[in-house]
Amino acid sequence: MRRKLVVGNWKMNGSRTSNAVLLSEIVAGLAASGAASAVCVPAPYLAQCQAQLAGTALGWGAQDVSAHASGAYTGEISVAMLQDFGCGYVVIGHSERRAYHGETDAQVAAKTVAALAAGITPIVCIGETLAQREAGQTDAVVAQQLGAVLAAISADDVAKLVLAYEPVWAIGTGKTATPQMAQDVHQVLRAQLAAKNAVAAAGVQILYGGSMKPENAKELMAMPDIDGGLIGGAALKAADFLAIIHAAD
């Protein structure tokens with residue numbers, strides 16, 4: 001059985017004061033949840049997370065990382081820097097990075113390689129736009145995105161991935177793929193992983209990342225290949241985030 005994983009993506013939100021309250025409320029409410037959980041926060045708050053979350057059940061990580069180890073890359077963050085702050089996870093290839101910053105499949109693959117080499121779990125985001133879905137291209141689009149990553153890593157490294165399927169049309173729109181729609185894509189992704197390493201593929205957590213909320217979390221995570229969620233807006237409210245984590249039980 002794959003352990004469920006619920007990760008909050010705070011995006012560009014937060015303040016030292018509000019973060020302290022939110023993190024303490026989440027930690028207090030985790031209780032004996034059987035699911036794993038983490039928050040991926042803006043880089044300036046990684047030190048705060050490390051200080052407040054060390055020794056708790058709530059993990060933490062970053063929202064992006066450079067493929068380069070160091071050097072003249074103004075504004076970028078290296079894996080060594082993430083290691084300095086104890087990051088267990090890093091979100092890679094989020095649709096907002098692809099859309100607003102022009103990140104390519106090749107760059108996503110290179111960042112994944114860098115994270116794996118540093119022992120940080122990459123949460124690799126994959127998903128199609130509304131136009132691509134309506135054109136019947138969903139399977140081809142996600143296969144191309146995942147294929148670039150799989151081509152860059154070893155078969156053994158498949159076991160170290162976390163995937164997040166995030167239909168772009170369902171992020172922050174209030175629209176959500178039906179559980180069956182999401183399951184269908186998750187099943188395609190797991191089959192693609194299995195072609196690289198069948199044993200490892202069975203253990204890879206594939207998260208759903210399109211407007212998962214307390215109201216739909218249980219139904220989505222009841223699907224056989226949906227192993228948790230990458231949560232946006234609902235992760236900024238402790239009660240909502242905790243409800244999703246407990247729905248994973």
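What's counted below: heavy atoms across the whole structure, side chains too, no hydrogens, waters or symmetry copies.
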Given side-chain contact (heavy atoms from CB on, under 4.5 Å), test Tyr89 with Cys40 step by step and report yes or no.
CA-CA 7 Å; Tyr89 299 92; Cys40 288; 4.2 Å; yes
Begin from the C-alpha positions of Trp60 and Val41 and carry the test side-chain contact (heavy atoms from CB on, under 4.5 Å) through to its verdict.
CA-CA 8 Å; Trp60 66 94; Val41 307; 5.8 Å; no
Report the C-alpha distance between Ser24 and Gln52 in whole Å, list the side-chain angles of each, state the deciding distance to 0.1 Å, and finish with yes or no for side-chain contact (heavy atoms from CB on, under 4.5 Å).
CA-CA 8 Å; Ser24 64; Gln52 192 167 342; 3.8 Å; yes
Does Thr138 form a side-chain contact (heavy atoms from CB on, under 4.5 Å) with Val188? I'd like the steps, not just the answer.
CA-CA 10 Å; Thr138 295; Val188 167; over 6 Å; no
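Clustering ILVMFWY residues whenever any of their side-chain heavy atoms sit less than 4.5 angstrom apart, transitively, puts Val141 in a cluster other than the one holding Val124. There is no path of hydrophobic side-chain contacts, each under 4.5 Å, that joins Val91 to Leu82. Taken together through direct or relayed side-chain contacts under 4.5 Å among Ile, Leu, Val, Met, Phe, Trp and Tyr, Ile231 and Leu53 form part of one hydrophobic cluster. Residues Met81 and Val39 are members of one and the same hydrophobic cluster, defined by side-chain heavy-atom contacts under 4.5 angstrom among Ile, Leu, Val, Met, Phe, Trp and Tyr. Placement of Val108 and Leu189 within a single hydrophobic cluster is found when ILVMFWY residues are connected by side-chain heavy-atom separations under 4.5 Å, directly or transitively.
When the options Asp156, Val158, Leu146, Val149 are evaluated for a side-chain contact (heavy atoms from CB on, under 4.5 Å) with Lys196, the one that passes is Val158.
Proximity of a side-chain donor or acceptor of Ser211 to a complementary backbone N or O of Ala170 within less than 3.5 Å is detected. Under a 3.5 Å cut-off, the side chain of Gln205 and the backbone N or O of Arg2 do not form any donor-acceptor pair. The main-chain N or O of Thr104 is found under 3.5 Å from a side-chain atom of Gln107 such that the two form a donor-acceptor pair. Although no hydrogens or angles enter the test, the distance criterion places no donor-acceptor pair under 3.5 Å between the side chain of Asp240 and the main chain of Lys237. At distances below 3.5 Å, not a single donor-acceptor pair connects side-chain atoms of Trp169 with backbone N or O atoms of Gln132. A donor-acceptor pair under 3.5 Å is absent between the side-chain atoms of Arg190 and the main chain of Gly203, judged by distance alone. A donor-acceptor contact shorter than 3.5 Å links the side chain of Gln83 to the backbone of Ala118.
Between Ala62 and Cys87, the closest heavy-atom pair is N-SG, 4.2 Å. For the residue pair His186 and Leu207, the shortest heavy atom distance occurs at CE1-O, 3.3 Å. The shortest heavy-atom contact between Ala115 and Ile92 is CB-CD1, 4.1 Å. Nearest heavy-atom pair, Ala35 versus Asp249, reported as atom, atom and distance to 0.1 Å: N-OD1, 3.4 Å. When all heavy atoms of Ile226 and Ala182 are compared, the closest pair comes out as CD1-CB, 3.7 Å. When all heavy atoms are compared, the tightest approach of Ala159 to Val204 is CA-CG2, 4.5 Å.
Between Ile245 and Leu30 there is a side-chain heavy-atom pair separated by less than 4.5 Å. Ile120 is not listed as a side-chain neighbour of Val65, based on a closest heavy-atom distance of 4.5 Å or more. Between Glu166 and Tyr208, the closest side-chain pair of non-hydrogen atoms is not below 4.5 Å. Within the 4.5 Å cutoff, the side chain of Arg133 has heavy atoms near those of the Met181 side chain. The shortest side-chain heavy-atom distance between Asp64 and Glu103 falls under the 4.5 Å cut-off. In this structure the side chain of Phe241 never reaches within 4.5 angstrom of the side chain of Val7, judged on heavy atoms. A heavy-atom distance below 4.5 Å is not found between the side chains of Ser78 and His68. For the pair Leu163 and Ile126, the minimum side-chain heavy-atom distance is below 4.5 Å.
In this structure, CD on Gln63 lies 9.0 Å from CD on Glu96, to the nearest 0.5 angstrom. To the nearest 0.5 angstrom, Leu116 atom CG is 6.5 Å from Lys160 atom NZ. Taking CD1 from Ile206 and CG from Asp227, the interatomic distance works out to 6.0 Å, rounded to the nearest 0.5 Å. Once rounded to the nearest 0.5 Å, the distance linking CG of Asn13 with OH of Tyr45 reads 9.5 Å. One finds the CD atom of Gln187 at 13.5 Å from the CD atom of Gln192 (value rounded to the nearest 0.5 Å). Going from atom OG1 of Thr112 over to atom CG of Leu150 covers 9.5 Å, rounded to the nearest 0.5 Å.
Using a cutoff of 4.0 Å between basic side-chain nitrogens and carboxylate oxygens, Arg98 and Asp105 are scored as salt-bridged.
For the residue pair Asn19/Gln48, the side-chain donor-acceptor check at 3.5 Å is satisfied. Judged by distance alone, the side chains of Tyr165 and Glu128 do bring a donor and an acceptor atom under 3.5 Å apart. A donor-acceptor contact under 3.5 angstrom links the side chains of Gln183 and Asp225, judged on distance only.
More than 12 non-hydrogen atoms from other residues, nucleotides or ligands lie less than 6.0 angstrom from CD of Gln137.
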